[in-house]
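Just so it is clear, the values below take in all heavy atoms, side chains as well, and ignore hydrogens, waters and symmetry mates. Nothing here was measured: the structure is a model prediction, and the numbers come from that model.
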Amino acid sequence: MTQSESEIGLQPNKPNAARMFDYYLGGKDNFAADRAAAEMVLQVAPWMPEAARQGRDLIARAVRYLVQEKGIRQILDLGSGLPTQDNVHEIAHRLDPDVRVVYVDNDPVVCTHGRALLADSTRVVSVVQADLRDPEQVLDHPEIGAAIDLGEPVAVLMMFVLHLVPDEQDPQRIVSTYRDALAPGSYLALSHASTDVHPDLMARISAIYDRANSPFVPRSHADISGFFGDFVLEPPGLVNMWPHAEPPATDDPSVARTGCSGVGRKP
């Protein structure tokens, strides 16, 4: 397990994946090093800002589906990233203000901004600084335990985060630990960069992220599917990262399908 930023400091001179994503979205919570690395990515993938926006739309669709269609009233958002417009709790609370939402991130900037955003919020939303790569720490965290009842169905969101966890940290074991802790009727919503359509492009992006605080490790459709274990995928299954998005992130179909997303239910 590598040290988290909470253990080694803010490191504004080292590119940060969450702050780079913030830059793609047009946010201001980023430093010069983040912007420089993000601009390098944009030289390779100029459609990244649109992809990031469509990624946020994907999260909104998943949350609405889980709350409105499946009756979920507890959401654990792992690797939540910096707050932006239409955060998970805001989407959920338009449907039911009593939905409990816990954001989990190991980045101190993310947690500071998240808590500031929630300063006037209700008791049903909280931000916890913890590392999703240590599922035992997360699942045993007293703040999470006070908000989330693992004996009842819960939706775990792992959106655009597992491709920041390298293979040597055994992401399959990490995700399986969360799956095993959930009650039947719980859901896992997951999105992940994929190598299936354009592996060379993904390799070029990965090389840039090697300079950041997290690696970028896109995986095959088969490997991403493995994260769901015995969970039953909801229709339409594990599909393009931006299904039903208009307009597409790029007119080039060979690079539009650069990821996979899905929602699975624990039997």
Distance in Å, Y103 OH paired with N87 CG, rounded so as to fall on 0.5 Å steps
4.5 Å
Shortest non-hydrogen contact from L190 to F228?
CB-CZ, 3.8 Å
So how far is it from F231 CZ to S176 OG, rounded to the nearest 0.5 Å?
10.5 Å
Closest non-hydrogen atoms of D105 and C111, given as atom of the first, atom of the second and distance, are O-SG, 3.3 Å
For R204, I'd like to know if atom CZ has over 12 heavy atoms of other residues, nucleotides or ligands within 6.0 Å.
no
Would you check if V102 and E143 make a side-chain contact, meaning some heavy-atom pair closer than 4.5 Å?
no
Is there side-chain contact between K70 and V263, with at least one heavy-atom pair below 4.5 Å?
no
Rounding to 0.5 Å, atoms CD (Q68) and CD1 (I91) come to a distance of 12.5 Å
Please give me the minimum heavy-atom distance between Y24 and A52, naming the atom from each residue.
CB-CB, 3.9 Å
Could you measure the distance from the CG atom of L132 to the CG atom of L162? Nearest 0.5 Å is fine.
7.0 Å
Could you pull out the closest heavy-atom pair between A38 and Y23, with the gap in Å?
CB-CD2, 3.3 Å
Does some side-chain heavy atom of W47 sit less than 4.5 Å from a side-chain heavy atom of T258?
yes
If every non-hydrogen atom of V99 is compared with every non-hydrogen atom of V124, which pair is closest and at what distance?
O-CG2, 3.6 Å
Could you state whether M158 and V217 fall into the same hydrophobic cluster, counting links through intermediate Ile, Leu, Val, Met, Phe, Trp or Tyr residues with side-chain heavy atoms under 4.5 angstrom apart?
no
Say you draw a straight line from CD of E136 to NE2 of H141; how long is it, rounded to the nearest 0.5 Å?
14.0 Å
In terms of side-chain geometry, is the basic nitrogen of R219 or D167 positioned less than 4.0 Å from the acidic oxygen of its partner?
yes
Checking side-chain polar atoms at under 3.5 Å, does E39 have a donor or acceptor matched by the opposite partner on Q43?
no
So does R56 pair up with D86, basic N to acidic O under 4.0 Å?
no
Pairwise side-chain contact, L82 with R19, heavy-atom cut-off 4.5 Å (strictly under):
yes
